[in-house]
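Read the structure below first, then the notes.
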Protein chains: 2
Amino acid sequence: MTTTPFLPTLRELTSAYQAFEAYSAVHIRTLDLTPAQFDIIATLGNTPGMPFKELGEKTLITKGTLTGVVDRLTDKKLVQRVASLSDGRSQTVQLTPQGVALFERIFPDHLAHLQRAFVELPPDELVNLEKSLHHLREALVSARNNIKATS
Amino acid sequence: MTTTPFLPTLRELTSAYQAFEAYSAVHIRTLDLTPAQFDIIATLGNTPGMPFKELGEKTLITKGTLTGVVDRLTDKKLVQRVASLSDGRSQTVQLTPQGVALFERIFPDHLAHLQRAFVELPPDELVNLEKSLHHLREALVSARNNIKATS
DNA sequence: TATTGTTATACTCTATAACTATA
DNA sequence: TATAGTTATAGAGTATAACAATA
């Protein structure tokens, strides 16, 4: 059985992601936010807020950790908890007016910051990259589900 | 000025990397290692060891943190420090015999684990993905260096 | 003076599990 | 009984800076 070498691809995936993280963090740190906190702000931006559970699923932060991250953002007056009307167990997390202001101030800057890295990449390569990454993710997720189903 | 939309690509990059991490972690956790510890073992495998500084550069772990990670692996008898002959300030970190044994036992398993996710991906897509990721990384690194040079 | 690695500090994230209050 | 979120705990990574030994 022949094996296509996938290890170099995984190495590039890791390097590219880490380069993105490092580059992104340059800007995020100037805002006095951690990457996790920025992730929450960016996820809540342009939404009316969302339940804890959904926020955790979108940011891949587990509920126990999320409580702490949201606490810290609450201390900074950037987000707030609102009791859900429909479910007494549920809390909606939303940006405060200060949080909205921060989001609106920093997100365009963040995009501009990122865009500087992309100006030289050929558009068609960008599109292909997006598709291939999507396939790769699907393959990884389905392999993971196979394991879960088996064990 | 027209802008090629790069945000979807970055989202896919993040999702794909996180899927990889999650899938990879399934196996790593069964070994009683953290991802950072596994990274060190994998980096030291098939080498005669390397100085602290180089190990930090390869794993992207800063020196202060690296001391702690190496301490924990030393407690587990998987790596050891050896004073460098050529530079009195420098420590070489290398796998112990137990570390080598672990590496030789787990690395093939790890590859097999990963390969399960790749069997369905078309080989040519894998090759293109590798190239495009490489370009993307270069773009991000050079954008970052531009900032450093400017500030 | 600059560099290697250690130490110390304070914070943040992670994983896990027990707990509460609602459903 | 199950679910949403909180609390508690122990461990681990991060950033930063001061420090000792050596170059």
Side-chain angles (χ1 to χ4, degrees), chain A residues 14 17-18 21-41 43-44 49-76 78-94, chain B residues 14 18 21-22 24-41 43-44 49-76 78-94:
Chain A
T14 302
Y17 176 76
Q18 288 172 342
E21 269 294 298
Y23 182 63
S24 191
V26 169
H27 182 229
I28 291 175
R29 254 184 261 129
T30 67
L31 306 167
D32 255 311
L33 295 173
T34 66
Q37 290 168 6
F38 181 84
D39 203 4
I40 303 269
I41 300 282
T43 303
L44 291 178
M50 62 187 73
F52 239 85
K53 188 182 161 73
E54 187 181 344
L55 187 57
E57 283 162 358
K58 292 207 169 166
T59 56
L60 296 181
I61 299 175
T62 53
K63 58 182 183 176
T65 303
L66 191 56
T67 296
V69 180
V70 168
D71 282 348
R72 274 162 234 130
L73 286 171
T74 302
D75 290 345
K76 293 181 179 178
L78 295 174
V79 307
Q80 59 192 340
R81 289 170 167 87
V82 181
S84 164
L85 299 174
S86 55
D87 185 336
R89 299 168 301 180
S90 181
Q91 301 274 345
T92 296
V93 185
Q94 60 187 206
Chain B
T14 302
Q18 287 171 342
E21 269 294 298
S24 189
V26 169
H27 180 230
I28 291 175
R29 254 184 261 130
T30 67
L31 307 168
D32 255 311
L33 296 172
T34 66
Q37 290 168 7
F38 181 83
D39 203 3
I40 303 271
I41 301 283
T43 303
L44 291 177
M50 64 187 72
F52 238 84
K53 187 182 162 72
E54 186 181 345
L55 187 57
E57 282 162 359
K58 292 209 170 164
T59 56
L60 295 182
I61 299 176
T62 52
K63 57 183 184 175
T65 303
L66 192 57
T67 295
V69 180
V70 168
D71 283 349
R72 273 161 234 131
L73 286 171
T74 302
D75 291 345
K76 292 182 179 177
L78 295 175
V79 307
Q80 59 191 341
R81 289 170 167 90
V82 180
S84 164
L85 298 174
S86 55
D87 186 335
R89 297 167 303 181
S90 181
Q91 300 273 344
T92 297
V93 186
Q94 60 186 206

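Protein chains get the first letters and strands the later ones, always in sequence-line order, with residue 1 at the start of each. Predicted model only: the values in this text are computed from it and were never measured.
One finds the CG atom of L44(A) at 9.0 Å from the CD atom of Q94(A) (value rounded to the nearest 0.5 Å). Atom CG of L66(B) and atom CG of L73(B) lie 9.5 Å apart (nearest 0.5 Å). In this structure, CZ on R81(A) lies 6.0 Å from OG1 on T67(A), to the nearest 0.5 angstrom. To the nearest 0.5 angstrom, T43(B) atom OG1 is 4.5 Å from D39(B) atom CG.
At a threshold of 4.0 angstrom between heavy atoms, the contacts of T67(A) include nucleobase atoms, whether or not backbone atoms are also involved. Across all strands shown, T34(A) has heavy atoms under 4.0 Å from sugar-phosphate atoms exclusively, and none from any base.
In the 5' to 3' direction, nucleotides of DNA chain D lying under 4.0 Å from heavy atoms of chain B begin and end at dA12(D) to dA23(D).
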Problem set entry | CA sep, side-chain torsions, deciding dist, call: I61(A), I40(A), side chain to side chain contact (heavy atoms under 4.5 Å, CB included) | CA-CA 10 Å; I61(A) 299 175; I40(A) 303 269; 4.2 Å; yes

Exercise. Checking side chain to side chain contact (heavy atoms under 4.5 Å, CB included) for the pair R72(A)/V69(A): CA distance, chi angles, key distance, verdict?
Worked result: CA-CA 5 Å; R72(A) 274 162 234 130; V69(A) 180; 4.0 Å; yes

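For K76(B), the NZ atom is densely surrounded, since the number of other residues' heavy atoms within 6.0 Å is greater than 12.
Nearer the 5' end of DNA chain D, as judged by each residue's closest nucleotide, is the contact made by D71(A), out of D71(A) and R29(A). Mapping T65(A) and T65(B) onto DNA chain D by nearest heavy atom places T65(A) closer to the 5' end of the strand. Along DNA chain C, the nucleotide nearest to R89(A) and the one nearest to Q37(A) differ in position, and the one closer to the 5' end is contacted by Q37(A).
Shown here for T59(B) and L55(B), the closest heavy-atom pair between the two residues is OG1-O, 2.7 Å.
The CD atom of Q91(A) sits 13 Å away from the C1' atom of dT20(C) (whole-angstrom rounding). For the pair L66(B) CG and dA8(C) P, the interatomic distance rounds to 18 Å; values are reported in whole Å. Nucleotide dT4(C) holds its P atom 17 Å from the CG atom of L85(B), rounded to whole Å.
Proximity of residues 49-64 of chain B to DNA chain D (heavy atom under 4.0 angstrom from any strand atom) is not detected for any residue.
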Distance-only donor-acceptor pairs under 3.5 Å for side chains of residues 25-33 of chain B, two or more places apart:
unit_1, atom_1, unit_2, atom_2, d
H27(B), ND1, H110(B), ND1, 2.8
T30(B), OG1, H27(B), O, 2.5

Distance-only criterion, 3.5 Å: show the donor-acceptor pairs between side-chain atoms of residues 83-91 of chain B and protein atoms not counting sequence neighbours.
unit_1, atom_1, unit_2, atom_2, d
S84(B), OG, S86(B), N, 3.2
S84(B), OG, S86(B), OG, 3.3
S84(B), OG, D87(B), N, 3.2
D87(B), OD1, R89(B), N, 2.9
D87(B), OD1, R89(B), NE, 3.3
D87(B), OD2, R89(B), NH2, 3.1

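Scanning for side-chain contact (heavy atoms from CB on, under 4.5 Å) contacts around K63(A) gives an empty result, with sequence neighbours left out.
In the helix from dT1(C)-dA23(D) to dA23(C)-dT1(D), the terminal helix axes, each the rotation mapping four pairs' C1' atoms onto the next four within five end pairs, subtend 0°, rounded to 10°.
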